[in-house]
Structures are given as structure tokens and as C-alpha cells.
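Reading through the C-alpha cells given below for one structure.
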Amino acid sequence: MTAALAPLLPFQVALAQRAATAGVNVIRAALPPLADLTEAAAATTKVAGPVLVAGEELLVSALEHLQPALLAATSRAGRVAWATAVRVTAAVAPSAEGAVVVGVSTA
């Protein structure tokens, strides 16, 4: 069909052929580097996989050893906070307008 229409639209046909040729050349130039890049990424993932798993296991092990110490420190801090706690209660006095009665007591 292109050959049949070529005499009717010579400029447009030549332009379309040049664009198609340029597109093919760009794709031919871009595909090999992309394939190399994909292959390198796959190889890196294969090599890095065991290293990432080992790092995760080390991190989990360290956190498991650290957890009892953190729990003890948190418990101790809670006991200290409870021992030093002060309760503050406030109530509006019914007899005076806007008056506030504040009471302070240890827990």
C-alpha cells in the first residue's frame, strides 16, 4: 500500500521512512546497554541476597539480647515515676464565681 501511495505523497512517505529508520536505530543502540544493566542487577541481587539475610539475622539477634535490658530500664523508670508522682486535683468552688481550689497530694 505504501508503494501505491508513494507517487501521490512523496514528501510524506520519505519523512515517514526516515522517522521509522531513526526509531529503529535508536532502539538498536539502546537495547544492548539495557540488557547489560539488567543482567548486572540480577547478578548483584543473587550475590547480595545472602548478605542481606545474614545482616537481618544479626540485627534480630542483637535486639533479642537487648530486649531484657530495655524492659528492665523501662520498668525501673516507671517505678521511679510512680514513687515521685504528685496528684494535682482542681475543682471549682461552688460558692465563689471563677474560684478554683487546688489540692496537691503524693500518690
Nearest-0.5 Å distance, CG of residue L70 to NE2 of residue H65: 13.5 Å

Atom pair CG (L66) and CG (L71), whose distance is rounded to the nearest 0.5 Å: 11.0 Å

Pairs meeting criterion side chain to side chain donor-acceptor pair (under 3.5 Å) with involvement of residues 66-78, two or more places apart: S75-R79

Residue list, side-chain hydrogen bond (donor to acceptor under 3.5 Å, both in side chains) with R28, at least two apart or on another chain: none

Nearest non-hydrogen partners of A29 and P33, listed with the distance: O-CD, 3.3 Å

Check: S61 side chain, E57 main-chain N or O, donor-acceptor pair, under 3.5 Å: no

